[in-house]
Amino acid sequence: PAGLYRATWNGTSLDTPIAVGNNTDVQWVRLEPKPSADEMLLTYSDGTGSIYSYVWDGSTFTNKMDILTGYASAAPAQPFDIAYTQSAGVGFVVWVDTNSTRPKYRYWDGYEWSAETTTSHDHCDLDDARWIELASNPKNNELLLVTFDAATAGSVDVNAEVWSSTLCVWLAGKELD
């Protein structure tokens, strides 16, 4: 079948695949488990430049969020990434909107999605972001965000910043090259 499907393991076999969303042109998919829980974030981008996210509650995907409509970087770039903070278990979706110089994000706190917010550091020129990575620190609730772009032909810029859960803000944004 075309599109995005899920199947669960019952201990001996996989159940019948069930469609997730209604998109048949899936470009990039990420699935991230919440530490020490049955919850997971599923986020995907499609050929129209849109990004969608769902929350797995242990039995089904719920709480769909239309993250971005029509302005994600084209494949084969990874226009978003997801991660959970380690002890707080807050799930983040961070993406690059081709109409912005700064990544944007939402977080899932276990009950609802936050409003869309922009990080504090310019990461790229407009329509220039090519890849985004988000990683959690296993010792605390910090997240590291790194983006790659192609500012000029043959040149790649790498930018990074850190999420401080104590201050609830992105810190230390810097171009690394």
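As the structure is a prediction and not an experimental result, all values here were calculated from the model.
Closest approach of Leu68 and Val96 over heavy atoms only: CD2-O, 4.1 Å. Summarising the geometry of Thr43 relative to Ser53, their closest heavy-atom pair is OG1-OG, 2.7 Å, with the distance given to 0.1 Å. Closest approach of Met40 to Tyr84, counting heavy atoms only: C-OH, 3.6 Å. Summarising the geometry of Ile82 relative to Leu41, their closest heavy-atom pair is CD1-O, 3.5 Å, with the distance given to 0.1 Å. Closest approach of Gly3 to Val26, counting heavy atoms only: C-CG2, 4.3 Å. For Asn140 against Gln86, the heavy-atom pair with the smallest separation is O-CB, 3.4 Å.
Looking only at side-chain heavy atoms (C-beta outward), Pro103 and Thr118 stay at 4.5 Å or farther from each other. Considering only heavy atoms from C-beta on, Leu134 stays 4.5 Å or farther from Ile132 through its side chain. No side-chain heavy atom of Ile67 sits less than 4.5 Å from a side-chain heavy atom of Phe80. Side-chain contact between Trp56 and Pro33: absent, with no pair of heavy atoms (C-beta onward) separated by less than 4.5 Å. Between Phe61 and Arg6 the shortest side-chain heavy-atom distance falls below 4.5 Å. You'll find the side chain of Thr117 stays beyond 4.5 Å of the side chain of Arg106, heavy atoms only.
Note: the hydrophobic cluster containing Leu171 does not contain Leu145 (ILVMFWY, side chain heavy atoms under 4.5 Å, direct or indirect links). When hydrophobic clusters are built by joining Ile, Leu, Val, Met, Phe, Trp and Tyr residues whose side-chain heavy atoms come closer than 4.5 Å, directly or via intermediates, Leu4 is grouped together with Leu31. The same ILVMFWY cluster, assembled from side-chain heavy atoms under 4.5 Å apart, contains both Trp131 and Leu176. Using a 4.5 Å cut-off between side-chain heavy atoms of Ile, Leu, Val, Met, Phe, Trp and Tyr, with links allowed through other members, Val158 and Val162 fall into the same hydrophobic cluster.
With hydrogens and angles disregarded, a donor-acceptor distance shorter than 3.5 Å links the side chain of Thr85 to the backbone of Val90. With Ser164 contributing its side chain and Val169 its backbone, the two residues share no donor-acceptor pair below 3.5 Å. Formation of a donor-acceptor pair under 3.5 Å by the Asn63 side chain with backbone atoms of Val55 is not found in this model. Of the possible polar contacts, none joining the Asn137 side chain to the Leu143 backbone as a donor-acceptor pair under 3.5 Å is found.
Gln27 and Tyr44 form no side-chain donor-acceptor contact under 3.5 Å, judged by distance and modelled atom types alone. Checked by atom type, the side-chain pair Glu161/Thr119 shows a donor-acceptor distance below 3.5 Å.
Taking the six-membered ring where tryptophan is involved, the planes of Phe92 and Tyr107 are tilted, since the angle between them lies from 30° to 60°.
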Report task. Report the C-alpha distance between Val94 and Asp81 in whole Å, list the side-chain angles of each, state the deciding distance to 0.1 Å, and finish with yes or no for side-chain contact (heavy atoms from CB on, under 4.5 Å). Result -> CA-CA 6 Å; Val94 181; Asp81 206 3; 5.8 Å; no
Requested in this report: Could you walk me through whether Tyr52 and Lys64 pass the side-chain contact (heavy atoms from CB on, under 4.5 Å) test, one step at a time?
Outcome: CA-CA 7 Å; Tyr52 305 95; Lys64 178 186 179 197; 3.8 Å; yes
Query raised in the report: Should Asn159 and His121 be marked as a side-chain contact (heavy atoms from CB on, under 4.5 Å) after you check the CA-CA gap, both sets of side-chain angles, and the distance that decides it?
Result: CA-CA 9 Å; Asn159 287 268; His121 173 68; 3.0 Å; yes
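Here the OG atom belonging to Ser45 is positioned 6.0 Å from the CD1 atom belonging to Ile51, to the nearest 0.5 angstrom. Going from atom CD of Glu175 over to atom OG1 of Thr147 covers 9.0 Å, rounded to the nearest 0.5 Å. Taking OG of Ser120 as the start and CH2 of Trp163 as the end, the distance is 10.0 Å to the nearest 0.5 Å.
Thr48 is linked by a side chain to side chain donor-acceptor pair (under 3.5 Å) to Asp46, Ser50, counting only residues two or more places apart in sequence or in another chain. For Tyr54, there are no ring-ring contact (aromatic ring centres under 6.0 Å, His included) partners, not counting sequence neighbours. Residues passing the ring-ring contact (aromatic ring centres under 6.0 Å, His included) test with Trp113 are Trp108, sequence neighbours excluded. Residues passing the ring-ring contact (aromatic ring centres under 6.0 Å, His included) test with Trp95: none are found, sequence neighbours excluded. Legend: residues meeting side chain to side chain donor-acceptor pair (under 3.5 Å) with Arg102, ordered by chain and number and at least two apart, are Asp122.
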Under 3.5 Å, sequence neighbours excluded: what are the donor-acceptor pairs made by side chains of residues 7-17?
from	atom 1	to	atom 2	distance (Å)
Thr8	OG1	Asp15	OD2	2.5
Asn10	OD1	Thr12	N	2.9
Asn10	OD1	Thr12	OG1	3.1
Asn10	OD1	Ser13	N	2.8
Asp15	OD1	Thr8	N	2.8

